[in-house]
Amino acid sequence: MTRQSATITPTFPARRLALLAAVAGGIGLALAVASTVAHAPDWGLLARQPWVIQLHIAAATAALLLGTVQLVGIKGTGLHRLIGWSWIVAMFTVAVSSLFIRQINPGSFSWIHLLSGWTLIALPMALFAVRRGRIASHARGMTWTFIGGLIVAGAFTFLPGRLMWAVFFG
């Protein structure tokens, strides 16, 4: 087998399965909660939000979809790079737009902005790693940015009293 074909061979390590199980579990939990307080999502509530929140939600949704495809897809291909750059743009947009959203702690940053700061640091670090041929470091950096900067931060938006809770359950 040549080095080229080895880089595009699909691998599916246990931690990737665990991550996908966690994402699926989170979706399942959200569906279970939704079934107890089921109603159609109030999309009008999103439409009434400031443009920066709408941009933030659109970029987060795109990052979630693109990131999930990246985790399960074949690595090292042109498609992986295209989706990866699209994901980076989406994550950068999510992180920067969050700096202008201050509803949790009116007028000031909240603790959740630490995840945005980490995302703005971790993305270039993971890009630098892949440029230097440190693929494992790149994969770890991108995976943890997906988990912390997107999944964990996004989960907090579904707490009672927050916007996404109101849209889907309120």
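Only heavy atoms go into these numbers, but all of them, side chains included; no hydrogens, no water, no symmetry mates.
Residues that satisfy the side-chain hydrogen bond (donor to acceptor under 3.5 Å, both in side chains) test with Thr93, not counting sequence neighbours, are absent from this structure. In this view, Thr145 satisfies the side-chain hydrogen bond (donor to acceptor under 3.5 Å, both in side chains) rule with no residue, not counting sequence neighbours. Evaluation of the ring-ring contact (aromatic ring centres under 6.0 Å, His included) rule for Phe156 yields Trp111 as partners, not counting sequence neighbours.
A heavy-atom distance below 4.5 Å is found between the side chains of Leu64 and Ile151.
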Could you please spell out the steps behind the side chain to side chain contact (heavy atoms under 4.5 Å, CB included) verdict for Trp144 and Ile147? CA-CA 5 Å; Trp144 284 110; Ile147 293 169; 3.9 Å; yes

Donor-acceptor pairs under 3.5 Å, side chain of residues 42-59 to any protein atom, not counting sequence neighbours: which ones?
from: Asp42; atom 1: OD1; to: Gly44; atom 2: N; distance (Å): 3.3
from: Asp42; atom 1: OD1; to: Leu45; atom 2: N; distance (Å): 3.3
from: Arg48; atom 1: NH1; to: Gly44; atom 2: O; distance (Å): 3.3
from: Gln49; atom 1: NE2; to: Leu45; atom 2: O; distance (Å): 3.1
from: Gln54; atom 1: NE2; to: Leu46; atom 2: O; distance (Å): 3.1
from: Gln54; atom 1: NE2; to: Ala47; atom 2: O; distance (Å): 3.0
from: Gln54; atom 1: NE2; to: Gln49; atom 2: O; distance (Å): 3.0
from: His56; atom 1: ND1; to: Val94; atom 2: O; distance (Å): 3.1
from: His56; atom 1: ND1; to: Ser97; atom 2: OG; distance (Å): 2.8

With a cut-off of 3.5 Å and sequence neighbours excluded, list every side-chain donor-acceptor pair involving residues 117-135.
from: Thr119; atom 1: OG1; to: Leu115; atom 2: O; distance (Å): 2.8

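A pairwise comparison of heavy atoms in Trp165 and Phe158 identifies CE3-O, 3.0 Å as the closest pair.
In this structure, CD1 on Ile101 lies 10.0 Å from CD1 on Ile112, to the nearest 0.5 angstrom. Atom CD1 of Ile83 sits about 12.5 Å away from atom CD1 of Ile88, to the nearest 0.5 Å. The CE atom of Met142 sits 12.0 Å away from the NZ atom of Lys75 when rounded to the nearest 0.5 Å. The CE atom of Met91 lies 8.5 Å from the OG atom of Ser116; values are rounded to the nearest 0.5 Å.
Among residue pairs with one or both ends in residues 146-162, none qualify as side chain to side chain donor-acceptor pair (under 3.5 Å); sequence neighbours excluded.
For the side chain to side chain contact (heavy atoms under 4.5 Å, CB included) test with Leu66, the passing option among Phe146, Trp85, Trp87 is Trp87; the others fail.
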